[in-house]
Amino acid sequence: DVRLADRLYLDHAATTPMLPAARDAVIAGMAGWANPSSPHGEGRKARAALEDARDRIRAALDWTGDLLFTSGASEAIALALGRAKADAVLVSTVEHDAIHRAAPEAFVLPVRSDGTIARDALVGRLGALGRRRPLVAIQSANNETGVLQPLDMLAEVVREADGLLFADCSQSAGKLPLPGADLIAVSAHKLGGPPGIGALLVKDLGVLAPIGG
């Protein structure tokens, strides 16, 4: 817990204070102001620092796929749901508002009285899609109730349907092992990092449609 004068801060699920090591890293990073895409010495140094940060975060999360930096979990969500090569999107009823904003016309997965998604319900929804390839968005941990979804079990169901699983791990990354998902959103300010920093973890970049021409 963090004591702020005469107040006790209990809103860590929304944003937790920055760790001293994170503050020091941000200050050091600000000294490397050059464009990491530039070929000159300063640019190459900035690129090296950027890639070092990417590698260290991947190692800390035990992630062997790619890591795309974003401005936060909301951008990672929008990128995943907007660019994934899928023909239909399914989301649970208890997802964060950012999920529902990114996929307003998605098929909805109900939850049981304990807040979890039942395997049979997911199987039924996937079966109703026919030949369409689904992207299924299921959070790892709920920020209001603390309910943990059985993602490893549900991931097997999604794979059997030749679908993609997107997991919002904003609340669980760094605290629980990452699930076996194809796409994962994480947010720095939920675990002692700076606000305005997030990432989309991608098992295979080929599942994302490219941007630009």
Side-chain angles (χ1 to χ4, degrees), residues 12-86 89 95-99 101-103 135 137 139-141 143 164-213:
H12 292 269
T15 299
T16 197
M18 286 181 63
L19 296 170
R23 288 199 299 268
D24 293 343
V26 169
I27 293 171
M30 291 299 177
W33 47 266
N35 182 356
S37 297
S38 296
H40 47 62
E42 292 84 355
R44 294 196 301 273
K45 184 177 179 180
R47 167 65 70 175
L50 177 64
E51 295 307 322
D52 177 61
R54 196 190 314 273
D55 289 342
R56 283 190 291 159
I57 294 171
R58 289 171 63 246
L61 295 175
D62 194 24
W63 180 255
T64 58
D66 287 288
L67 183 151
L68 307 179
F69 283 117
T70 65
S71 62
S74 293
E75 184 183 5
I77 288 167
L79 179 59
L81 272 61
R83 306 305 301 181
K85 295 178 181 178
V89 179
E95 297 301 309
H96 191 278
D97 286 345
I99 293 282
R101 286 196 300 267
L135 170 66
Q139 62 188 194
S140 172
N143 62 305
L164 300 171
L165 177 62
F166 169 72
D168 178 3
C169 292
S170 301
Q171 297 295 334
S172 62
K175 304 159 192 171
L176 297 173
L178 294 178
D182 301 285
L183 301 156
I184 295 175
V186 296
S187 180
H189 72 104
K190 303 289 188 180
L191 42 81
I197 298 292
L200 177 64
L201 309 182
V202 187
K203 184 178 292 184
D204 176 6
L205 284 175
V207 305
L208 295 178
I211 300 174

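All figures in this text were calculated on a predicted structure; none of them were measured in a lab.
- Remark: D182 CG to D204 CG distance equals 8.5 Å, nearest 0.5 Å.
- Between L68 and L208, some side-chain heavy-atom pair lies under the 4.5 Å cut-off.
- Sequence neighbours left out, the pairs with a member in residues 55-69 that pass salt bridge (Lys or Arg N to Asp or Glu O under 4.0 Å) are D52-R56, D55-R58.
- Using a 4.5 Å heavy-atom cutoff, the side chains of V207 and F166 are not in contact.
- Taking every heavy atom of both residues into account, L165 and A181 meet most closely at O-CB, 3.5 Å.
- G192 and A22 make their closest contact through O-CB, 3.3 Å (heavy atoms, listed as atom of the first residue, atom of the second, distance).
- The OG atom of S74 lies 9.0 Å from the CD1 atom of I99; values are rounded to the nearest 0.5 Å.
- The pair E42-K45 does not count as a salt bridge, with every side-chain nitrogen at least 4.0 angstrom from each carboxylate oxygen.
- Across every non-hydrogen atom of L183 and A84, the tightest pair is CD1-CB, 4.2 Å.
- Counting only distance, with no hydrogens or angles, the side chain of R83 and the backbone of P210 share a donor-acceptor pair below 3.5 Å.
- Side chains of M18 and P195 form a contact here, defined as non-hydrogen atoms less than 4.5 Å apart.
- For the pair A141 and S172, the tightest heavy-atom approach, listed with the atom from each and the gap, is CB-CB, 4.3 Å.
- Here the OG1 atom belonging to T16 is positioned 10.0 Å from the NZ atom belonging to K190, to the nearest 0.5 angstrom.
- Between V186 and A173, the shortest heavy-atom contact is CG1-CB, 3.6 Å.
- Atom CD1 of I77 is separated from atom CG of D168 by 4.5 Å, given to the nearest 0.5 angstrom.
- The CG atom of L164 sits 6.0 Å away from the CG atom of L135 when rounded to the nearest 0.5 Å.
- A76 and A185 make their closest contact through CB-CB, 3.9 Å (heavy atoms, listed as atom of the first residue, atom of the second, distance).
- Distance CG/L201 to OG1/T64: 10.0 Å, rounded to 0.5 Å.
- Put simply, the side chain of Q171 never gets that close to the backbone of S140: no donor and acceptor are under 3.5 Å apart.
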